[in-house]
Amino acid sequence: MEKRDPLNICILGGGNVGTLLAADLGRRDSVSVRIFTSRPDEWSSEIGVFDSGESFLYKGKVDIVSDNPEEVIKNADIIISTLPSHVVGNVIERIKPYISTHAWIGMMPGSGGGEFLCKDLIDIGSVFFGFQRVHGISRIRKYGTEVYSLGKKENIFVSAIPADRTKDICLLMEELLSIKCTPLANYLNVTLTPSNPILHTTRLYSLFYDWRPGLVWEEEIGFYDDWTDESSRLLLACDNELQEMCKMLYDLDLTMVKPLREHYESETPQELTRKIRSIAAFRGIKTPMQKTTDGFVPNFESRYFQEDFPYGLCIIKSFCDIVGVESPNIDRVLRWFEKTMGVEYYKDGKFSGRDLRELPLPVNYGISTIEDVLSYYG
(Lines give C-alpha, C1' and ligand atoms only; values in the text may rest on other atoms or scores of the structure.)
Protein backbone atom coordinates (compact mmCIF):
# COMPACT_ATOMS: atom_id res chain seq x y z
CA MET A 1 0.00 0.00 0.00
CA GLU A 2 1.23 3.45 -0.89
CA LYS A 3 0.99 5.50 2.28
CA ARG A 4 -0.63 8.89 2.09
CA ASP A 5 -1.66 11.51 4.56
CA PRO A 6 -4.06 10.95 6.15
CA LEU A 7 -4.38 7.17 6.18
CA ASN A 8 -8.07 6.41 6.46
CA ILE A 9 -8.70 3.51 8.83
CA CYS A 10 -12.22 2.23 9.52
CA ILE A 11 -12.89 0.12 12.60
CA LEU A 12 -15.91 -2.17 12.51
CA GLY A 13 -17.50 -2.33 15.95
CA GLY A 14 -17.40 -0.15 19.04
CA GLY A 15 -16.85 -2.68 21.81
CA ASN A 16 -13.91 -3.01 24.18
CA VAL A 17 -11.32 -3.88 21.54
CA GLY A 18 -12.62 -1.48 18.91
CA THR A 19 -12.70 1.47 21.30
CA LEU A 20 -9.12 0.99 22.49
CA LEU A 21 -7.90 0.40 18.94
CA ALA A 22 -9.63 3.59 17.76
CA ALA A 23 -8.01 5.59 20.56
CA ASP A 24 -4.57 4.17 19.82
CA LEU A 25 -4.79 4.84 16.10
CA GLY A 26 -6.37 8.24 16.71
CA ARG A 27 -3.25 9.46 18.50
CA ARG A 28 -1.51 9.63 15.12
CA ASP A 29 -1.84 12.85 13.14
CA SER A 30 -1.26 10.80 10.00
CA VAL A 31 -4.39 8.67 10.62
CA SER A 32 -8.05 9.50 10.13
CA VAL A 33 -10.15 7.14 12.23
CA ARG A 34 -13.71 6.28 11.37
CA ILE A 35 -16.05 3.92 13.24
CA PHE A 36 -18.81 1.76 11.77
CA THR A 37 -21.29 1.09 14.57
CA SER A 38 -25.02 0.70 15.14
CA ARG A 39 -24.87 3.38 17.86
CA PRO A 40 -23.19 6.40 16.21
CA ASP A 41 -25.07 9.03 18.22
CA GLU A 42 -23.40 7.87 21.45
CA TRP A 43 -19.84 8.57 20.27
CA SER A 44 -17.59 11.50 21.02
CA SER A 45 -14.97 12.93 18.67
CA GLU A 46 -12.31 11.96 21.24
CA ILE A 47 -11.73 8.78 23.22
CA GLY A 48 -10.07 9.00 26.62
CA VAL A 49 -7.93 6.08 27.78
CA PHE A 50 -7.54 5.27 31.49
CA ASP A 51 -5.59 2.70 33.48
CA SER A 52 -7.07 0.34 36.07
CA GLY A 53 -6.39 2.90 38.80
CA GLU A 54 -8.60 5.47 37.04
CA SER A 55 -5.63 7.62 35.96
CA PHE A 56 -6.01 9.31 32.58
CA LEU A 57 -3.37 8.12 30.10
CA TYR A 58 -4.04 9.68 26.69
CA LYS A 59 -6.73 10.40 24.14
CA GLY A 60 -7.28 9.69 20.46
CA LYS A 61 -9.44 11.49 17.94
CA VAL A 62 -12.23 10.01 15.84
CA ASP A 63 -13.19 11.78 12.63
CA ILE A 64 -16.32 9.97 11.44
CA VAL A 65 -18.78 7.69 13.26
CA SER A 66 -21.67 6.25 11.28
CA ASP A 67 -24.04 3.36 10.75
CA ASN A 68 -24.00 4.14 7.02
CA PRO A 69 -21.31 1.98 5.37
CA GLU A 70 -20.85 4.36 2.46
CA GLU A 71 -19.73 7.16 4.80
CA VAL A 72 -16.95 5.21 6.48
CA ILE A 73 -15.99 2.43 4.06
CA LYS A 74 -15.88 4.10 0.65
CA ASN A 75 -12.54 5.89 1.17
CA ALA A 76 -11.04 3.53 3.74
CA ASP A 77 -7.48 2.38 3.12
CA ILE A 78 -7.63 -0.15 5.94
CA ILE A 79 -10.69 -1.83 7.46
CA ILE A 80 -10.27 -3.68 10.77
CA SER A 81 -13.12 -5.69 12.24
CA THR A 82 -13.32 -6.04 16.02
CA LEU A 83 -16.85 -7.43 15.81
CA PRO A 84 -17.99 -10.75 17.30
CA SER A 85 -17.45 -13.49 14.75
CA HIS A 86 -21.13 -14.38 14.59
CA VAL A 87 -22.04 -10.95 13.15
CA VAL A 88 -19.00 -10.41 10.89
CA GLY A 89 -20.53 -12.20 7.91
CA ASN A 90 -23.60 -9.99 7.77
CA VAL A 91 -21.54 -6.84 8.19
CA ILE A 92 -19.10 -7.85 5.44
CA GLU A 93 -22.04 -8.30 3.08
CA ARG A 94 -23.32 -4.82 3.97
CA ILE A 95 -20.02 -3.05 3.41
CA LYS A 96 -18.76 -5.10 0.45
CA PRO A 97 -20.16 -2.77 -2.26
CA TYR A 98 -18.15 0.13 -0.81
CA ILE A 99 -14.78 -1.57 -0.23
CA SER A 100 -12.08 -0.10 -2.45
CA THR A 101 -9.98 -2.49 -4.50
CA HIS A 102 -6.83 -1.18 -2.81
CA ALA A 103 -8.12 -1.53 0.76
CA TRP A 104 -6.64 -3.95 3.28
CA ILE A 105 -9.24 -5.91 5.26
CA GLY A 106 -8.25 -7.12 8.72
CA MET A 107 -9.60 -8.87 11.81
CA MET A 108 -8.64 -8.38 15.46
CA PRO A 109 -8.46 -11.09 16.60
CA GLY A 110 -8.16 -13.00 13.35
CA SER A 111 -9.72 -16.31 14.34
CA GLY A 112 -13.40 -16.98 13.72
CA GLY A 113 -13.37 -17.83 10.03
CA GLY A 114 -12.81 -14.36 8.63
CA GLU A 115 -10.66 -15.71 5.82
CA PHE A 116 -13.65 -17.73 4.63
CA LEU A 117 -16.20 -14.94 5.05
CA CYS A 118 -13.93 -12.73 2.93
CA LYS A 119 -12.90 -15.46 0.49
CA ASP A 120 -14.63 -13.90 -2.51
CA LEU A 121 -12.79 -10.61 -1.82
CA ILE A 122 -9.49 -12.48 -1.50
CA ASP A 123 -10.21 -14.31 -4.75
CA ILE A 124 -10.47 -11.01 -6.65
CA GLY A 125 -7.21 -9.68 -5.21
CA SER A 126 -8.01 -8.02 -1.88
CA VAL A 127 -5.40 -8.23 0.88
CA PHE A 128 -6.78 -9.90 3.99
CA PHE A 129 -4.95 -9.97 7.34
CA GLY A 130 -5.51 -10.89 10.95
CA PHE A 131 -3.96 -10.47 14.38
CA GLN A 132 -3.31 -13.67 16.29
CA ARG A 133 -4.63 -12.02 19.45
CA VAL A 134 -5.88 -8.56 20.42
CA HIS A 135 -3.19 -5.93 20.95
CA GLY A 136 -4.29 -5.24 24.52
CA ILE A 137 -6.82 -6.02 27.22
CA SER A 138 -9.50 -3.35 27.47
CA ARG A 139 -12.84 -2.54 29.05
CA ILE A 140 -15.22 0.26 28.15
CA ARG A 141 -15.41 2.96 30.83
CA LYS A 142 -18.10 5.04 29.11
CA TYR A 143 -19.46 3.88 25.80
CA GLY A 144 -18.17 5.82 22.83
CA THR A 145 -16.08 8.13 25.00
CA GLU A 146 -13.75 6.36 27.45
CA VAL A 147 -11.97 3.02 27.73
CA TYR A 148 -9.67 1.25 30.18
CA SER A 149 -6.33 -0.04 28.89
CA LEU A 150 -5.52 -2.99 31.17
CA GLY A 151 -2.35 -4.29 29.57
CA LYS A 152 -0.80 -4.03 26.14
CA LYS A 153 1.02 -6.84 24.38
CA GLU A 154 4.77 -6.42 23.97
CA ASN A 155 4.61 -8.27 20.66
CA ILE A 156 1.69 -8.87 18.33
CA PHE A 157 1.67 -11.53 15.62
CA VAL A 158 0.06 -10.97 12.24
CA SER A 159 -0.45 -12.88 9.01
CA ALA A 160 -2.05 -12.13 5.66
CA ILE A 161 -3.55 -13.76 2.61
CA PRO A 162 -1.65 -13.64 0.30
CA ALA A 163 1.20 -14.44 2.68
CA ASP A 164 3.72 -12.28 0.84
CA ARG A 165 1.89 -9.14 2.05
CA THR A 166 2.38 -9.96 5.73
CA LYS A 167 5.66 -8.08 6.09
CA ASP A 168 4.18 -4.87 4.68
CA ILE A 169 1.26 -5.03 7.08
CA CYS A 170 3.52 -5.71 10.06
CA LEU A 171 5.75 -2.75 9.28
CA LEU A 172 2.78 -0.39 9.16
CA MET A 173 1.01 -1.79 12.24
CA GLU A 174 4.22 -1.62 14.26
CA GLU A 175 4.52 2.05 13.36
CA LEU A 176 0.87 2.88 14.05
CA LEU A 177 0.49 0.97 17.33
CA SER A 178 4.03 1.38 18.69
CA ILE A 179 4.11 -2.36 19.43
CA LYS A 180 6.50 -4.87 17.95
CA CYS A 181 4.74 -6.73 15.15
CA THR A 182 6.01 -10.15 14.10
CA PRO A 183 5.03 -11.78 10.78
CA LEU A 184 3.60 -15.28 10.92
CA ALA A 185 4.47 -17.84 8.25
CA ASN A 186 0.86 -18.28 7.14
CA TYR A 187 -2.67 -17.38 8.18
CA LEU A 188 -3.42 -20.81 9.61
CA ASN A 189 -1.25 -19.79 12.57
CA VAL A 190 -3.97 -17.23 13.29
CA THR A 191 -6.96 -19.46 12.57
CA LEU A 192 -5.79 -22.25 14.87
CA THR A 193 -4.60 -20.11 17.78
CA PRO A 194 -5.69 -21.97 20.95
CA SER A 195 -7.07 -18.85 22.61
CA ASN A 196 -10.79 -18.16 23.12
CA PRO A 197 -12.04 -21.03 20.91
CA ILE A 198 -10.57 -23.53 23.36
CA LEU A 199 -10.06 -21.44 26.51
CA HIS A 200 -13.64 -20.21 26.78
CA THR A 201 -15.40 -23.32 25.55
CA THR A 202 -13.69 -25.81 27.85
CA ARG A 203 -14.19 -23.52 30.84
CA LEU A 204 -17.91 -23.15 30.10
CA TYR A 205 -18.28 -26.89 29.69
CA SER A 206 -16.58 -27.62 33.00
CA LEU A 207 -18.81 -25.06 34.74
CA PHE A 208 -22.17 -25.94 33.22
CA TYR A 209 -22.04 -29.47 31.77
CA ASP A 210 -24.50 -30.69 34.43
CA TRP A 211 -26.65 -27.55 34.48
CA ARG A 212 -30.40 -27.99 34.22
CA PRO A 213 -33.33 -25.58 34.51
CA GLY A 214 -33.90 -24.76 38.16
CA LEU A 215 -30.22 -24.95 39.11
CA VAL A 216 -28.96 -21.52 40.22
CA TRP A 217 -25.91 -19.96 41.85
CA GLU A 218 -26.10 -17.42 44.67
CA GLU A 219 -23.47 -15.21 43.03
CA GLU A 220 -21.60 -14.84 39.76
CA ILE A 221 -18.62 -17.12 39.21
CA GLY A 222 -15.21 -15.62 38.50
CA PHE A 223 -14.32 -16.90 35.04
CA TYR A 224 -10.59 -16.87 35.76
CA ASP A 225 -10.42 -16.03 39.47
CA ASP A 226 -12.31 -19.25 40.30
CA TRP A 227 -10.61 -21.38 37.64
CA THR A 228 -10.35 -25.07 38.58
CA ASP A 229 -8.07 -28.02 37.90
CA GLU A 230 -11.00 -29.70 36.13
CA SER A 231 -11.09 -26.81 33.66
CA SER A 232 -7.32 -27.02 33.19
CA ARG A 233 -7.39 -30.76 32.48
CA LEU A 234 -10.02 -30.39 29.78
CA LEU A 235 -8.30 -27.34 28.31
CA LEU A 236 -5.00 -29.21 27.99
CA ALA A 237 -6.73 -32.30 26.58
CA CYS A 238 -8.42 -30.28 23.81
CA ASP A 239 -5.19 -28.42 23.10
CA ASN A 240 -3.38 -31.76 22.72
CA GLU A 241 -5.88 -32.73 20.01
CA LEU A 242 -5.28 -29.42 18.26
CA GLN A 243 -1.54 -30.01 18.35
CA GLU A 244 -1.97 -33.50 16.89
CA MET A 245 -3.94 -31.97 14.05
CA CYS A 246 -1.18 -29.44 13.39
CA LYS A 247 1.37 -32.27 13.12
CA MET A 248 -0.58 -33.68 10.18
CA LEU A 249 -0.07 -30.39 8.30
CA TYR A 250 3.70 -30.77 8.44
CA ASP A 251 4.19 -29.04 5.09
CA LEU A 252 2.97 -25.79 6.67
CA ASP A 253 4.98 -23.91 9.30
CA LEU A 254 2.61 -23.92 12.28
CA THR A 255 5.22 -23.38 14.97
CA MET A 256 3.37 -20.31 16.24
CA VAL A 257 0.29 -22.34 17.12
CA LYS A 258 2.00 -22.82 20.45
CA PRO A 259 0.81 -25.49 22.87
CA LEU A 260 -0.92 -23.96 25.88
CA ARG A 261 1.58 -25.68 28.16
CA GLU A 262 4.22 -23.55 26.47
CA HIS A 263 2.13 -20.37 26.23
CA TYR A 264 1.25 -20.45 29.92
CA GLU A 265 4.53 -22.08 31.03
CA SER A 266 2.58 -24.79 32.85
CA GLU A 267 3.16 -28.52 32.52
CA THR A 268 0.42 -29.83 34.80
CA PRO A 269 -3.25 -28.92 35.29
CA GLN A 270 -2.42 -27.66 38.76
CA GLU A 271 0.30 -25.35 37.45
CA LEU A 272 -2.01 -24.10 34.73
CA THR A 273 -4.74 -23.31 37.27
CA ARG A 274 -2.32 -21.28 39.37
CA LYS A 275 -1.03 -19.48 36.29
CA ILE A 276 -4.47 -18.52 34.97
CA ARG A 277 -5.60 -17.33 38.39
CA SER A 278 -2.47 -15.16 38.69
CA ILE A 279 -2.84 -13.18 35.44
CA ALA A 280 -3.62 -9.61 36.45
CA ALA A 281 -5.51 -8.74 33.26
CA PHE A 282 -7.92 -11.65 33.90
CA ARG A 283 -8.92 -10.55 37.39
CA GLY A 284 -12.48 -9.55 37.99
CA ILE A 285 -13.85 -11.01 34.76
CA LYS A 286 -17.12 -12.78 35.48
CA THR A 287 -18.61 -15.86 33.89
CA PRO A 288 -21.42 -15.05 31.44
CA MET A 289 -24.44 -15.39 33.73
CA GLN A 290 -27.70 -13.57 34.21
CA LYS A 291 -29.60 -12.81 37.37
CA THR A 292 -33.05 -14.27 37.90
CA THR A 293 -35.41 -13.97 40.85
CA ASP A 294 -33.90 -17.14 42.30
CA GLY A 295 -30.22 -16.54 41.57
CA PHE A 296 -27.70 -16.63 38.71
CA VAL A 297 -27.96 -18.93 35.68
CA PRO A 298 -25.82 -19.30 32.51
CA ASN A 299 -26.31 -16.56 29.93
CA PHE A 300 -26.49 -18.51 26.70
CA GLU A 301 -26.91 -15.29 24.69
CA SER A 302 -23.45 -14.05 25.64
CA ARG A 303 -20.63 -13.70 23.13
CA TYR A 304 -18.81 -16.59 24.82
CA PHE A 305 -21.58 -18.98 23.75
CA GLN A 306 -22.66 -17.36 20.49
CA GLU A 307 -19.13 -16.95 19.12
CA ASP A 308 -16.59 -19.32 20.64
CA PHE A 309 -18.37 -22.61 19.98
CA PRO A 310 -19.76 -22.21 16.42
CA TYR A 311 -17.12 -19.76 15.16
CA GLY A 312 -14.21 -21.12 17.15
CA LEU A 313 -14.18 -24.72 18.28
CA CYS A 314 -16.26 -25.88 15.29
CA ILE A 315 -13.58 -24.53 12.94
CA ILE A 316 -10.86 -26.42 14.81
CA LYS A 317 -12.98 -29.57 14.73
CA SER A 318 -13.50 -29.16 10.98
CA PHE A 319 -9.74 -29.09 10.40
CA CYS A 320 -9.36 -32.19 12.63
CA ASP A 321 -11.77 -34.03 10.34
CA ILE A 322 -9.94 -32.86 7.20
CA VAL A 323 -6.60 -34.26 8.39
CA GLY A 324 -8.11 -37.37 9.99
CA VAL A 325 -7.29 -36.69 13.65
CA GLU A 326 -9.69 -38.02 16.27
CA SER A 327 -10.82 -35.42 18.81
CA PRO A 328 -12.88 -37.06 21.58
CA ASN A 329 -12.48 -34.18 24.04
CA ILE A 330 -13.40 -31.51 21.51
CA ASP A 331 -16.33 -33.73 20.49
CA ARG A 332 -17.46 -33.95 24.12
CA VAL A 333 -17.53 -30.18 24.48
CA LEU A 334 -19.30 -29.63 21.15
CA ARG A 335 -21.87 -32.36 21.79
CA TRP A 336 -22.74 -30.69 25.10
CA PHE A 337 -23.15 -27.34 23.32
CA GLU A 338 -25.23 -29.02 20.62
CA LYS A 339 -27.59 -30.51 23.20
CA THR A 340 -27.74 -27.37 25.33
CA MET A 341 -28.44 -24.98 22.45
CA GLY A 342 -30.69 -27.30 20.45
CA VAL A 343 -28.55 -27.29 17.30
CA GLU A 344 -27.47 -30.16 15.09
CA TYR A 345 -23.71 -30.54 14.67
CA TYR A 346 -23.45 -34.33 14.61
CA LYS A 347 -25.50 -36.57 12.35
CA ASP A 348 -25.15 -40.35 12.33
CA GLY A 349 -21.99 -39.95 14.40
CA LYS A 350 -20.35 -37.56 11.95
CA PHE A 351 -19.63 -33.86 12.24
CA SER A 352 -22.00 -33.00 9.42
CA GLY A 353 -25.21 -31.69 10.96
CA ARG A 354 -27.50 -29.14 9.34
CA ASP A 355 -26.44 -26.24 11.59
CA LEU A 356 -22.86 -26.43 10.33
CA ARG A 357 -23.81 -25.51 6.76
CA GLU A 358 -23.94 -21.75 7.34
CA LEU A 359 -20.78 -21.56 9.46
CA PRO A 360 -17.40 -20.37 8.11
CA LEU A 361 -15.87 -23.84 8.09
CA PRO A 362 -13.21 -24.77 5.52
CA VAL A 363 -15.35 -27.56 4.08
CA ASN A 364 -18.11 -25.05 3.31
CA TYR A 365 -15.68 -23.05 1.15
CA GLY A 366 -14.21 -25.80 -0.98
CA ILE A 367 -11.38 -26.76 1.41
CA SER A 368 -11.87 -30.43 2.24
CA THR A 369 -8.46 -32.12 1.87
CA ILE A 370 -4.96 -31.57 3.18
CA GLU A 371 -3.95 -30.53 -0.33
CA ASP A 372 -6.68 -27.87 -0.31
CA VAL A 373 -5.41 -26.53 3.01
CA LEU A 374 -1.85 -26.35 1.75
CA SER A 375 -2.97 -24.57 -1.41
CA TYR A 376 -5.08 -21.96 0.39
CA TYR A 377 -2.69 -21.13 3.23
CA GLY A 378 0.67 -21.94 1.70
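Values reported hereafter were calculated over all heavy atoms of this structure, with side chains retained and with hydrogens, waters and symmetry mates removed.
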Check your understanding: Run the side chain to side chain contact (heavy atoms under 4.5 Å, CB included) check on R261 and L236 step by step: do they pass?
Key -> CA-CA 7 Å; R261 282 186 170 86; L236 292 173; 3.7 Å; yes
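- If you check the side chains of E307 and S85, you find a donor sitting under 3.5 Å from an acceptor.
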Check your understanding: Can you check side chain to side chain contact (heavy atoms under 4.5 Å, CB included) on I64 and I35, steps first, answer last?
Key -> CA-CA 6 Å; I64 307 174; I35 307 288; over 6 Å; no
Exercise for review: Report the C-alpha distance between S32 and D63 in whole Å, list the side-chain angles of each, state the deciding distance to 0.1 Å, and finish with yes or no for side chain to side chain donor-acceptor pair (under 3.5 Å).
Suggested key: CA-CA 6 Å; S32 175; D63 293 308; 2.9 Å; yes
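- A distance-only check finds no donor-acceptor pair linking the side chain of S55 to the backbone of D51 [under 3.5 Å].
- Residue pairs meeting the ring-ring contact (aromatic ring centres under 6.0 Å, His included) criterion with at least one partner in residues 354-378, sequence neighbours excluded, are F116-Y365.
- A distance of 10.5 Å separates CG of D229 from CD of E271, quoted to the nearest 0.5 Å.
- Not a single donor-acceptor pair under 3.5 Å links the side chain of S318 to the backbone N or O of C314.
- The line from CZ of R165 to OG of S126 is 11.0 Å long, rounded to the nearest 0.5 Å.
- A ring-ring contact (aromatic ring centres under 6.0 Å, His included) check over residues 184-204, counting only residues at least two apart or in different chains, returns the pairs F128-Y187, H200-F223, H200-Y304.
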Exercise for review: Test side chain to side chain donor-acceptor pair (under 3.5 Å) on S38 and D67 and set out the steps.
Suggested key: CA-CA 5 Å; S38 60; D67 58 0; over 6 Å; no
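- For residues 341-353, every residue pair satisfying the side chain to side chain donor-acceptor pair (under 3.5 Å) rule, not counting sequence neighbours, is listed here: D331-Y346, E344-R354.
- The aromatic rings of F131 and F129 lie perpendicular to each other, with more than 60° between the two planes, well past the 30° mark.
- Listed by first then second residue, pairs satisfying salt bridge (Lys or Arg N to Asp or Glu O under 4.0 Å) with a partner in residues 100-116 number zero, not counting sequence neighbours.
- Screening residues 9-47 for ring-ring contact (aromatic ring centres under 6.0 Å, His included) gives W43-Y143 as the qualifying pairs, with residues at least two apart or on separate chains.
- In this model, no donor atom of one side chain and acceptor atom of the other lie less than 3.5 Å apart for S100 and K74.
- In this structure, the side chain of T292 engages the main chain of G295 through a donor-acceptor pair within 3.5 Å.
- Taking the ring centre of F296 as origin, the terminal cationic atom of K291 falls inside the region bounded by 6.0 Å and 45° from the ring axis.
- Side-chain contact of S138 with N16: a donor-acceptor pair under 3.5 Å is absent, judged by distance alone.
- Every pair passing ring-ring contact (aromatic ring centres under 6.0 Å, His included) that includes a residue from residues 45-97 is listed here, sequence neighbours excluded: F50-F56.
- T273 is not listed as a side-chain neighbour of T228, based on a closest heavy-atom distance of 4.5 Å or more.
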